[in-house]
*Asks:* 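The following block contains the structure, expressed as C-alpha cells.
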Protein chains: 2
Amino acid sequence: MAAGTTQDTELVGSLVQLMYVLQDLYAETSRPLGLTPQQAHLLCVLLAGPLGMTELSRIMSIERSSLTSMVDRLERRSLVERLPDPADRRACRIALTGPGTELADQAHSAYTDRIAELTGNLPAGQRNAIVAAVATITRPPE
Amino acid sequence: MAAGTTQDTELVGSLVQLMYVLQDLYAETSRPLGLTPQQAHLLCVLLAGPLGMTELSRIMSIERSSLTSMVDRLERRSLVERLPDPADRRACRIALTGPGTELADQAHSAYTDRIAELTGNLPAGQRNAIVAAVATITRPPE
DNA sequence: TATTGTTATACTCTATAACTATA
DNA sequence: TATAGTTATAGAGTATAACAATA
C-alpha cells in the first residue's frame, strides 16, 4: 500500500480539484471555438507535426478505432487531412490543414491565456515547485 | 491580456500535462470498478450527502438534462436512488444506496492510493507549494 | 412568473470485435 | 504472422429546446 499520511490526503484532494478546474477551463475555452475538448487536444497535439494513427492514439490514450471517427469528423470540416505515408502504404499521416493550424493556434493561445490568468498571482516559489513536481510525476522511474 | 513570460509558458504546459496524467489515472482507476470517470465523480460527490438535481448539475458542471440520464443509468444499477424532497414536491434528492456508498468508497480509495503513489517521492516543499497554489486557484477573487 | 426536473433529439466520445490491406 | 487503419455496433456523455408540475 502507498504511504498514507494526513498530508497525502490533502495533496490528493488538491490535485483532484485542480484536475476538475482545468477540465472545466479547457471545456469552456474550446466551446466558443466550435471544438470539443478532445478535438482541441487532437489539433494541439498535431501542432508539433503530422502523426500516424497508431502514434496519435497512443499519445491521446484512446483506441485507434475511436480516433478514426474523430479524424473523420475533423477531416469533414477540413481541419485535418490524411496524407499518405511514403514509407508504408498501409499507414497515413494526419496533418493539420491551413485552417486547422489557425484554429489550433487559437485554441492553444486561448487556453494558455486562461491558465496564465488563473495562476498569475502565484508566488515564484510555488510556480517553480509545480513545474518541478510535474516533471517528476510525468517522468516515472522506468 | 494576461502577463506572459517564459515562466508562464512552462507553468501552463506543466499544468496541462498534469491534467492529462490525472485524467488518464482517473479513467484507468474507474474502469475496473465498472464505472466511467463521470460516474465515479458523481458517486464521490454524493459521498458528502444527498443532493438535488440542480445543485448536483452545478457541482459537476453539466446540464440538468445530461444529469437526468446519468442518474437514470446509476439508478438502474441500484447505485443511487431518487428520494422525495419533503420541502419541495417538484424536487428530489439523489442519494447513494448501500452498494453505491461501498463502490464510491472503493473508487475514492483507489484513486487516492494511485495519486499518493504517483506523488510519494515529491519533497515536502513541493507538496506544500501545490496545496497552497491550488487553494489560491480554486478561491478566485470574488 | 420562476424553478425543478424530465423528455425528445442529435452529436460526440469511446470501446470491442471483426475486417482489409500491406509489411 | 504481425501491423496500420477501418467498419460495424453499442453504450455513455453532453447540449439544446420544449415540456410538466409545483412554487
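In the text below, chain A, chain B and the rest are named by the order of the sequence lines, each starting its count at 1. Just so it is clear, the values below take in all heavy atoms, side chains as well, and ignore hydrogens, waters and symmetry mates. Keep in mind the model is a prediction, meaning the values are calculated, not measured.
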*Asks:* Picking from C:dT12, C:dT14, D:dA4, which would you name as closest to the side chain of A:Gln38?
*Replies:*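 Closest nucleotide to the A:Gln38 side chain: C:dT14.
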*Asks:* Using OP1 and OP2 only, check whether a side-chain N or O of B:Ser65 sits under 4.0 Å from D:dA17.
*Replies:*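 B:Ser65 to D:dA17 OP1/OP2: no side-chain N or O under 4.0 Å.
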*Asks:* May I ask you to verify whether the side chain of A:Arg64 and the base of D:dG5 hold a donor-acceptor pair under 3.5 Å?
*Replies:* yes
*Asks:* Taking the nucleotide of DNA chain D with the nearest heavy atom to each, does A:Leu51 or A:Arg31 sit closer to the 5' end?
*Replies:*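 Residue closer to the 5' terminus by nearest nucleotide: A:Leu51.
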*Asks:* Determine, for A:Asp72 against A:Arg82, whether the closest basic-nitrogen to carboxylate-oxygen distance falls under 4.0 angstrom.
*Replies:*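 So A:Asp72 pairs with A:Arg82 through a salt bridge.
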*Asks:* With a 4.0 Å cut-off, would you call B:Arg93 and B:Asp88 a salt bridge?
*Replies:* no
*Asks:* Can you see if the side chain of A:Ser69 gets near the phosphate of C:dT14 - specifically, an N or O under 4.0 Å from OP1 or OP2?
*Replies:*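 False: A:Ser69 side-chain N/O out of range (4.0 Å or more) of C:dT14 OP1/OP2.
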*Asks:* Side-chain N or O of B:Ser66 versus OP1/OP2 of D:dT14: is the shortest distance under 4.0 Å?
*Replies:*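 Looking at the OP1 and OP2 atoms of D:dT14, neither is under 4.0 Å from any side-chain N or O of B:Ser66.
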*Asks:* So what does B:Glu63 hit on the nucleic acid, given a heavy-atom distance under 4.0 Å: a base, only sugar-phosphate, or nothing?
*Replies:*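 If one applies the 4.0 Å heavy-atom cut-off, B:Glu63 turns out to touch a base.
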*Asks:* Would you call A:Glu28 and A:Arg114 a salt bridge, using N to O less than 4.0 angstrom?
*Replies:*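 Looking at A:Arg114 together with A:Glu28, the answer is yes, because their closest N to O distance falls below 4.0 Å.
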*Asks:* What do you reckon, are the aromatic ring centroids of A:Tyr20 and B:His41 less than 6.0 Å apart?
*Replies:*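 Ring centres of B:His41 and A:Tyr20 closer than 6.0 Å.
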*Asks:* Contact class for A:Thr68 (heavy atom, under 4.0 Å): base, sugar-phosphate, or nothing?
*Replies:* base
*Asks:* Please compare B:Ile62 and B:Arg90 by the position of their nearest nucleotide in DNA chain D and report the one closer to 5'.
*Replies:*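 Residue closer to the 5' terminus by nearest nucleotide: B:Ile62.
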*Asks:* May I ask you to evaluate whether A:Arg82 reaches the phosphate of D:dT6, defined as a side-chain N or O under 4.0 Å from OP1 or OP2?
*Replies:* yes
*Asks:* A:Asp88 near the nucleic acid: base, sugar-phosphate alone, or nothing, with a heavy-atom cut-off under 4.0 Å?
*Replies:* sugar-phosphate
*Asks:* It should be established whether A:Arg89 places a side-chain nitrogen or oxygen under 4.0 Å from OP1 or OP2 of nucleotide C:dA23.
*Replies:*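 Yes, within the criterion.
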